[in-house]
Amino acid sequence: MELQTLRSWHGWISQELDTVMDFWLRHSHDEEYGGFFTCLGQDGKVYDDLKYIWLQGRQVWMYSRLYRKLPRFRRPELLQAARAEALKMMEAIVHWVREDPSELGRPQLAGAVLHDTMAVPMMLLNLVDQLSEGDAETASRFSELGSWSAQRILMHVQRSGTAVLENVSEDGKELPGCLGRQQNPGHALEAGWFLLRHAQRQRNSALLSQVVEKFIKQPFRSGWDPEQEGLFAFQDVDGLCPTQLEWKMKLWWPHTEAMIAFLMGFAETRDQELLELFDQVAKYTFAKFHDPETGEWFGYLTQEGKVALTIKGGPFKGCFHVPRALYMCEEILESLIKETEPTIQE
């Protein structure tokens, strides 16, 4: 049954990755000025030609990754569209985060509460992972930064280990008010698989077990809508009404991150519950976000799972979360199938 599940999802996900990438290759390239359009309607038509820098970078990474990792994507048009100076930018980011944040984000207002948001160390940890892959010199160079980032993420486990809070004080204490009570299930799950990768590199089995329970299973249990299914966008740890207007919507990216986290966790632990949770989330995700008519995925659903916005891309949704999840899940599934088949044959 396990092998059948793995094979079924591998075929479906592999085909979907081809469809999703075809959508972006056909509709997002600016042939006149270069770069990528991300504000795309349901059928791929550009509804705003504004280009967002962070989504440009994400699409460059996606093209580079697929070109390097999957033979069927080793196409000249992907390589031509993807050029970047990663290490130089990494040095600037580290300086902004650890030494002088004045050039990063909005200026700090007088009287504002200083806090540590989980997004910063988790993004740094992911950058360390990507830049270090297959490069021993770079891995050694950023080893301390990776450990620092992981520890900053772990500070967000609060309430005696029962909750992952999005914001904590700079010394790792719970903050008062809405800011301190905020939970983001999608971020916790994404941070979970970032930490899993870190635990793998460090060969730290204790950290791996902690991550599976605190950043993968626990956020899913609290973040899953028991009535309508799907993951809430935001939650309040005390059960109060969150202040984010979209808090009970179902967004595409938490579900893609959950798929990665559960499958990666299963590959590391062979915990059957994680495979079952992957199957549960993947079924919901493909049923609700996938658009069989024009390709790619819708990004924004109501709590009930109805399409709220028909756009396929915008200021936040680009060529990243969906293809990254599909690519990573395909890779993990392929590895699991290869490992499982010889066992069955014996």
Report the C-alpha separation of W297 and E16 in whole Å, then their side-chain angles, then the decisive distance to 0.1 Å, and conclude whether the side-chain hydrogen bond (donor to acceptor under 3.5 Å, both in side chains) test is met.
CA-CA 10 Å; W297 293 9; E16 185 66 8; 2.8 Å; yes
Mind checking whether W224 and F220 have parallel, tilted or perpendicular rings, split at 30° and 60°?
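Tilted.
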Counting only N and O atoms by type, is there a donor-acceptor contact under 3.5 Å from the side chain of [X] to the main-chain atoms of [Y]?
X: H255; Y: L251; answer: yes
X: T310; Y: Q42; answer: no
X: K312; Y: G44; answer: no
X: Q56; Y: F36; answer: yes
X: S209; Y: S205; answer: yes
X: S149; Y: L145; answer: yes

Verdict with reasoning, F262 to W193, per side chain to side chain contact (heavy atoms under 4.5 Å, CB included)
CA-CA 8 Å; F262 288 134; W193 72 260; over 6 Å; no
Check for me whether K250 meets the cation-pi criterion with Y300, that is, NZ or CZ under 6.0 Å from the six-membered ring centre and within 45 degrees of the ring axis.
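Not satisfied by the 6.0 Å and 45° rule.
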Regarding [X] and [Y], do their side chains bring together a donor and an acceptor under 3.5 Å, going by distance alone?
X: W247; Y: D236; answer: no
X: E229; Y: Q280; answer: no
X: Q59; Y: Y63; answer: yes

Transitively linked via ILVMFWY side-chain contacts under 4.5 Å: [X] with [Y]?
X: V164; Y: F234; answer: no
X: F215; Y: M155; answer: no
X: V168; Y: L124; answer: no
X: V237; Y: I153; answer: no

All side chain to side chain contact (heavy atoms under 4.5 Å, CB included) counterparts of E174, not counting sequence neighbours
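For E174, the residues satisfying side chain to side chain contact (heavy atoms under 4.5 Å, CB included) (neighbours in sequence not counted) are Q158, R159, L165.
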Just verifying a value: how many Å separate [X] [atom1] and [Y] [atom2], rounded to the nearest 0.5 Å?
X: H10; Y: I332; atom1: NE2; atom2: CD1; result: 11.5 Å
X: I13; Y: Q15; atom1: CD1; atom2: CD; result: 11.5 Å
X: T340; Y: L3; atom1: OG1; atom2: CG; result: 6.0 Å
X: I216; Y: L196; atom1: CD1; atom2: CG; result: 4.0 Å
X: M249; Y: T302; atom1: CE; atom2: OG1; result: 7.5 Å

With a 4.5 Å heavy-atom cut-off, do [X] and [Y] have their side chains touching?
X: D30; Y: K51; answer: yes
X: L17; Y: R72; answer: yes
X: L274; Y: M264; answer: no
X: E296; Y: V322; answer: yes
X: V46; Y: L40; answer: yes
X: V97; Y: W148; answer: yes
X: D225; Y: L231; answer: no
X: S147; Y: H198; answer: yes

Answer yes or no: are there more than 12 heavy-atom neighbours, outside [X] itself, under 6.0 Å from its atom [atom1]?
X: Q272; atom1: CD; answer: yes
X: L240; atom1: CG; answer: yes
X: L50; atom1: CG; answer: yes
X: E144; atom1: CD; answer: yes

Tell me the closest heavy-atom pair linking [X] and [Y], and the distance in Å.
X: I260; Y: A325; answer: CD1-CA, 3.6 Å
X: G41; Y: F23; answer: O-CZ, 4.0 Å
X: Y52; Y: C39; answer: CE1-SG, 3.8 Å
X: V20; Y: P323; answer: CG1-CD, 4.1 Å
X: R152; Y: D116; answer: NH2-OD2, 2.9 Å
X: C329; Y: L263; answer: O-CD2, 3.7 Å

Check this for me, if you would: do [X] and [Y] make a salt bridge, where the nitrogen-to-carboxylate-oxygen distance has to be below 4.0 angstrom?
X: D129; Y: R201; result: yes
X: E304; Y: K288; result: no
X: K69; Y: E334; result: no
X: R270; Y: E2; result: no

Mind running side-chain hydrogen bond (donor to acceptor under 3.5 Å, both in side chains) on D43 and H27 for me, showing each step along the way?
CA-CA 9 Å; D43 58 0; H27 299 299; over 6 Å; no
Aromatic ring proximity, centroids under 6.0 angstrom, [Y] and [X]:
X: F73; Y: Y327; result: no
X: F316; Y: W253; result: no
X: F320; Y: W54; result: no

In sequence, state the C-alpha distance, the side-chain angles, and the governing distance for V94 and L127, and then conclude on side chain to side chain contact (heavy atoms under 4.5 Å, CB included).
CA-CA 10 Å; V94 173; L127 286 172; over 6 Å; no
Are S222 and F232 close enough, and set up right, to give a side chain to side chain contact (heavy atoms under 4.5 Å, CB included), and what steps lead you there?
CA-CA 9 Å; S222 64; F232 288 113; over 6 Å; no
Residue of the set F278, F298, W9 for which ring-ring contact (aromatic ring centres under 6.0 Å, His included) holds with F286
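In the set F278, F298, W9, the residue that makes a ring-ring contact (aromatic ring centres under 6.0 Å, His included) with F286 is W9.
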With side chain to side chain donor-acceptor pair (under 3.5 Å) as the test, pick out the partner of E166 among Q182, H187, H115.
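Testing each of Q182, H187, H115 against E166, the sole residue satisfying side chain to side chain donor-acceptor pair (under 3.5 Å) is H187.
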How far apart are the C-alpha atoms of R197 and E268, what are their side-chain angles, what is the distance that settles it, and do they pass the salt bridge (Lys or Arg N to Asp or Glu O under 4.0 Å) test?
CA-CA 10 Å; R197 297 267 293 186; E268 285 298 311; over 6 Å; no
Take H290 and T285, measure what side chain to side chain contact (heavy atoms under 4.5 Å, CB included) needs, and give me the verdict at the end.
CA-CA 7 Å; H290 166 71; T285 303; over 6 Å; no
After noting the C-alpha distance and the side-chain angles of E133 and R68, does the key distance pass the salt bridge (Lys or Arg N to Asp or Glu O under 4.0 Å) rule?
CA-CA 12 Å; E133 190 177 67; R68 190 163 68 90; 3.0 Å; yes
